[in-house]
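Okay, so here's the structure we're looking at.
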Amino acid sequence: MIRVAVNGYGTIGRRVADAVLKQKDMELEGVTKVRGDYRARLAVEKGLPLYAADGRHVPEFAKAGIETKGTLNDLLKRVDVVVDATPDEIGRGNKPIYERAGVKAIFQGGEEHSLTNFSFVAQCNFEKAAGKNMVRVVSCNTTALCRTLHALNSGLGILKARVVLVRRAADPDETSKGPIDAIVPDPVTVPSHHGPDVQSVIEGLNITTMALKVPETHMHLHSVIASLKGQPTRDRVLDALAKEPRVLLVDANAGFKSTASIIDMAREMNRPRNDVYEAVVWKDSVSVADGEAYFFLAVHQEAIVTPENIDAIRAVSGGIGKEQSMRVTDASLGIA
Ligand code: NAD
């Protein structure tokens, strides 16, 4: 059994914690929280061992009548791997704490690649994570681009990729973020950081990205254009995408008119929290002209990195290979 802690029980941490509970080869030893809020109370009611992220927070939990089992340092003594799901750039400060405790750590995409010098997407580089102590699971956008571009690169070969990312402005519970009535080039300069981030996983890929954000909370939508080697056809591109794990092809003619339909599908499938773990490509959008492939790609930012975190835990722990890990993870989450 791999003993796991989740440090930071927010959007990503809650999903990873629930996914760890579904793995037969993992034990969730505990989660940490900063605040004694309703999420902390619900975690305890679900039976999760709750720890204060820092000793300074203990009185707040006691005041709220929420039982904690100790602090992060106590939790780290009980585990083999910690998943750091704290807000952007907090992980950098936590790294020495994990090193001192002698536990392996999985960080998230809000950290720089340089924090671990290894950025992870299961189908691209699972094996290379073996034996590493620190791994960074890349962001939601980078995960989706890596899955789909990996499909085209290994199936046909990519000469260059150009992507425009339309990003959701905030997660559904983030009421302090905007915009609420504007489209914001973010960043206004080109390229955005997403291209180099993809290159941290798929080395040497010729990719340029530009990004903007819109008043939306549920998903991102990318427009992807990739120049391909040889004689690409629509069928070959579709075949490569269909064969790739964790890529879901949907059809506008079947009612998938927008990202809202994709979230609605997840709701109807009784996916926890309406989670869409797959990178979603509109089959109808896939077209090829003059050696270039075009498609629309939708990304459920809150959910897509959940399976990657589970595979990253196995990858650094050793003993189980890529295909088996991905199969087990996907079966546990209901990914077809
Ligand atoms: P979040 O704000 O929803 O959750 C972070 C949690 O950590 C909160 O509960 C917060 O109270 C807690 N926290 C704050 N400081 C802490 C500390 N010092 N120690 C322990 N816990 C602390 O953030 P999130 O959206 O889950 O993002 C976590 C990481 O995942 C970031 O690196 C982010 O870039 C990345 N990520 C986020 C998304 C997304 O869409 N939300 C997608 C992919 C990757």
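In this chain, numbering begins with 1 at the start of the sequence shown. As the structure is a prediction and not an experimental result, all values here were calculated from the model. Whatever order the structure lists ligands and atoms in, that order sets their numbers, starting from 1.
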How does [X] reach ligand 1, by side chain, by backbone, by both or by neither, if only non-hydrogen atoms under 4.0 Å count?
X: Ala53; answer: side chain
X: Thr11; answer: both
X: Ile90; answer: side chain
X: Tyr9; answer: backbone
X: Ile12; answer: both

Does [X], backbone or side chain, put an N or O under 3.5 Å from an N or O of ligand 1?
X: Pro87; result: no
X: Gly109; result: no
X: Asp88; result: yes
X: Thr32; result: no
X: Arg168; result: yes

Starting from atom 32 (O) of ligand 1, which protein heavy atom do you reach first, and at what distance in Å? Gly110 N, 3.0 Å

Can you tell me which residue and heavy atom of the protein come closest to atom 39 (C) of ligand 1, and the distance to 0.1 Å? Asp171 OD2, 3.5 Å

Note: [X]-[Y] ion pair, threshold 4.0 Å (strictly below):
X: Arg92; Y: Asp84; result: no
X: Arg35; Y: Glu60; result: yes
X: Arg167; Y: Asp186; result: yes
X: Arg78; Y: Asp74; result: no

Can you list the ligand 1 atoms lying under 4.0 Å from a non-hydrogen atom of [X]?
X: Gln108; value: 29 (C), 30 (O), 32 (O), 35 (C)
X: Cys140; value: 42 (C), 43 (C)
X: Ala85; value: 5 (C), 6 (C), 7 (O), 28 (C)

Compare all side-chain heavy atoms of Val6 with those of Thr32 and state whether any distance is below 4.5 angstrom. no

Do Thr148 and Glu244 have a side chain donor and acceptor closer than 3.5 Å? no

Each residue besides Tyr277 in its hydrophobic cluster should be listed here, by chain and number; the cluster joins Ile, Leu, Val, Met, Phe, Trp and Tyr at side-chain heavy-atom distances under 4.5 Å. Leu333, Ile335

May I ask you to list the residues sharing a hydrophobic cluster with Val58, side-chain cutoff 4.5 Å, ordered by chain and number? none

Spatial distance of atom CZ (Arg267) from atom CZ (Arg273) [nearest 0.5 Å]: 15.0 Å

